[in-house]
> 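Provided herewith is a single structure, encoded as structure tokens, for subsequent inquiry.
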Amino acid sequence: MKKTKMLSLMMVVVMMTSFLIGCGADSDKTPADADTIKVGLNYELSGNVASYGTDLSDGVEMALEEINANGGVLGKQIEVVKMDNTSDSTEAANISTRLITRENVVTILGPATSGNTKGAIPPAQENKIPLVSASATADDVTVDSNGKVRDYIFKTCFSDSYQGVTMANFAYNDLKFAKAAVLVENTSDYSKGIAANFKDELAKLGGTIVSEEAYQSKETDFKAVLTNIKAANPEVLLVPGYYEEVGLIIRQARELGINVPVLGGDGYDSPDILDLAGPDALNDVYYTNHYSPMDTAKDVVAFREAFSEKFNREPGAFHAMGYDLGYFFADAVERAGEATPEKIRDAMEATVDFKGITGTLSIDEFHNSVKAVTILELVDGEPTFLKKLEP
């Protein structure tokens, strides 16, 4: 009996040793030697900004599917590891760690919002894995509090400062209004960043802020702050926020008789804003964006047709931004010559005149994207192209 037990124990030890040796062999395999190129998607697939994360993820995956169908990159297929950060910055950090330490990805794409991207940054920086967001527009995403560039962090979108300055100039020079009210989400870096740059630029132009109010994420009743704004009699209202609250704010503003133009940023880009505000309220609304569905460029039309065929709906800006991000990643890997994080980082940093659906971009010394901005107008809730401004 004892001998049988001893033999059984020895067999278990041998099997476990073989298993561990096998695991060690896999873990020692470098990204350059791997059979596929693993990229991680860290997106808001549920939670309060799921519309952004889902759209970006769909765009990225569509691009990578096309790339794989055409032979992949460096003779290898791109393997996608997608995870849901639930629109939470802490979970975004956890997922970054998981993608790096368990999945051995060579790059992380996402998250969508600035706050969640900031949550995801520390694990990427510490482990020297490139992280690229197509939509985290906060100015301090790619630089730390001391102004030092985060060497493994990039974004392919323009910054909040650019959006704020653009809308101030649009209000003053295009709409010919100098008295503005500002309603800002006081817990959002995105909202506060656009508002701060709007106010600074409007003051330089000779305009004034006649009222400034604040709200918090997930609020649903804005009548008190809107009543204060109405009393100040502004000529234009800036509401830099995300569609979930903005839709309700615009609807309630119109109900209170605030019929001045409403200005915002790319956070307005979601079909859900129409359901929240209603088409009648969504007139005389203007916002900065990365893409116009009315663009007639040949490659944009081809993208729209391919997307519509695949998803049976028209693509929005976040779909296009995700699509460009997928190709941006593949382009960097191709130029890197090997699928290792350091080489990919170097190639991303050296990007000049990358041509995407949302325009041509170059990466500047702060790892930000230099590209054009589009201004769209909502007419009965439908986005219409107004103008495009080159950097």
Side-chain angles (χ1 to χ4, degrees), residues 31 38-45 47-49 52-53 56-57 60 80-162 187-194 217 242 266-267 318 321-322 324-326 328-329 332 340-349 351 361 363-369:
K38 293 180 78 171
V39 61
L41 271 59
N42 183 347
Y43 278 120
E44 298 84 337
L45 305 178
N48 63 313
V49 289
Y52 300 146
L56 283 158
S57 177
V60 169
V80 174
V81 183
K82 181 168 68 172
M83 294 186 179
D84 178 14
N85 63 40
T86 70
S87 300
D88 179 80
S89 60
T90 300
E91 185 59 16
N94 293 335
I95 283 176
S96 264
T97 300
R98 217 174 307 157
L99 287 169
I100 295 165
T101 61
R102 296 185 191 176
E103 300 295 340
N104 298 316
V105 301
V106 297
T107 298
I108 295 173
L109 306 181
T113 67
S114 297
N116 293 333
T117 299
K118 289 177 184 179
I121 282 172
Q125 272 290 102
E126 290 165 14
N127 290 279
K128 298 184 177 181
I129 299 294
L131 181 149
V132 194
S133 176
S135 52
T137 53
D139 287 63
D140 58 351
V141 164
T142 60
V143 295
D144 63 21
S145 57
N146 297 315
K148 182 182 178 182
V149 176
R150 294 183 168 113
D151 52 349
Y152 278 83
I153 311 303
F154 298 85
K155 61 187 183 188
T156 56
C157 54
F158 46 66
S159 297
D160 291 340
S161 56
Y162 191 32
T187 56
S188 165
D189 292 336
Y190 167 78
S191 186
K192 291 187 289 185
I194 293 177
S217 174
Y242 297 129
D266 60 333
F318 283 86
M321 292 156 69
D324 280 354
L325 179 58
F328 176 85
F329 165 71
T340 56
E342 184 178 2
K343 295 283 188 181
I344 294 170
R345 187 211 78 89
D346 291 345
M348 287 179 173
E349 191 174 61
T351 300
L361 70 86
I363 297 298
D364 69 12
E365 67 270 29
F366 301 108
H367 288 189
N368 292 321
S369 171

> Nearest 0.5 Å, please: how far is CD1 in Ile95 from CG in Asn42?
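Interatomic distance, Asn42 CG to Ile95 CD1, rounded to 0.5 Å: 5.0 Å.
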
> Does a side-chain heavy-atom distance below 4.5 Å link Pro130 with Pro341?
yes

> Does a side-chain heavy-atom distance below 4.5 Å link Met83 with Leu45?
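With C-beta onward as the side chain, the pair stays apart.
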
> For the atom pair CG (Asn85) and CG (Asn116), what is the distance rounded to the nearest 0.5 Å?
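Taking CG in Asn85 and CG in Asn116, the distance rounds to 5.0 Å.
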
> Can you see which heavy atom on Ser191 is nearest to which on Ser188, and at what distance?
N-OG, 3.0 Å

> Please find the pair of heavy atoms, one from Ser57 and one from Leu41, that lie closest to each other, and give the distance.
OG-CD2, 3.8 Å

> Quick one: do the Asp189 and Ser114 side chains pair a donor with an acceptor below 3.5 Å?
no

> Of the non-hydrogen atoms in Gly110 and Leu325, which two are nearest, and what is the gap between them?
N-CD2, 4.5 Å

> Can you tell if the side chain of Tyr152 reaches within under 4.5 Å of the side chain of His367, non-hydrogen atoms only?
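Counting from C-beta outward, Tyr152 and His367 never come under 4.5 Å.
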
> Say you draw a straight line from CD1 of Ile129 to CG of Leu99; how long is it, rounded to the nearest 0.5 Å?
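Between Ile129 CD1 and Leu99 CG, I get 10.0 Å after rounding to 0.5 Å.
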
> Identify whether the distance between the nearest side-chain nitrogen and carboxylate oxygen of Arg98 and Glu91 falls below 4.0 Å.
yes

> Side chains of Met321 and Thr156, heavy atoms from C-beta outward: is any pair under 4.5 Å?
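The answer is no; the side chains never approach within 4.5 Å.
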
> Is the closest side-chain heavy-atom distance between Lys38 and Val81 below 4.5 Å?
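SC-SC contact between Lys38 and Val81 confirmed.
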
> Taking the side chain from Asn146 and the backbone from Lys148, do they hold a donor-acceptor pair closer than 3.5 Å?
no

> Give a yes or no answer on whether the side chain of Thr101 reaches the backbone of Thr97 with a donor-acceptor pair at less than 3.5 Å.
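Confirmed, Thr101 side chain pairs with Thr97 backbone.
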
> Please report the closest heavy-atom contact between Phe366 and Val143, naming both atoms and the distance.
CD2-CG1, 4.1 Å

> Would you name the heavy atoms of Asp139 and Ser161 that are closest together and state the gap between them?
OD2-OG, 2.6 Å

> Distance from Lys192 atom NZ to Asp160 atom CG, nearest 0.5 Å?
11.5 Å

> Hey, does Thr340 have a side-chain heavy atom less than 4.5 Å from the side chain of Val106?
no

> Please tell me if the side chains of Asp140 and Lys118 come closer than 4.5 Å, counting only heavy atoms from C-beta onward.
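Yes, their side chains come closer than 4.5 Å.
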
> Going through the checks in order, is the side chain to side chain contact (heavy atoms under 4.5 Å, CB included) test met by Val60 and Phe329?
CA-CA 10 Å; Val60 169; Phe329 165 71; over 6 Å; no

> Any chance you could measure Tyr162, atom OH, to Asn368, atom CG, to the nearest 0.5 Å?
13.0 Å

> Answer yes or no: is there a donor N or O on one side and an acceptor on the other, between the side chain of Glu44 and the main chain of Ala112, under 3.5 Å?
yes

> Does some side-chain heavy atom of Arg150 sit less than 4.5 Å from a side-chain heavy atom of Thr142?
no

> In Å, rounded to the nearest 0.5 Å, how long is the span from CZ of Arg345 to CD1 of Ile153?
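Between Arg345 CZ and Ile153 CD1, I get 10.5 Å after rounding to 0.5 Å.
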
> Give the minimum heavy-atom separation between Thr117 and Pro111, together with the two atoms involved.
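Heavy atoms only, the tightest pair is OG1-O, 3.3 Å.
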
> For the side chain of Ser89 and the backbone of Gly119, is there at least one donor-acceptor N/O pair under 3.5 Å apart?
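Not confirmed, Ser89 side chain does not pair with Gly119 backbone.
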
> Does a sphere of radius 6.0 Å around CD in Gln125 hold more than 12 heavy atoms from other residues, nucleotides or ligands, not counting ones at 6.0 Å or beyond?
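Result for CD/Gln125: enclosed.
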
> Kindly determine whether Ser135 and Leu56 satisfy side chain to side chain contact (heavy atoms under 4.5 Å, CB included), including the steps that lead there.
CA-CA 9 Å; Ser135 52; Leu56 283 158; 3.3 Å; yes

> So, applying ring-ring contact (aromatic ring centres under 6.0 Å, His included) with Tyr52, which one of Tyr43, Tyr190, Tyr242 is it?
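Of Tyr43, Tyr190, Tyr242, ring-ring contact (aromatic ring centres under 6.0 Å, His included) with Tyr52 is met by Tyr242 alone.
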
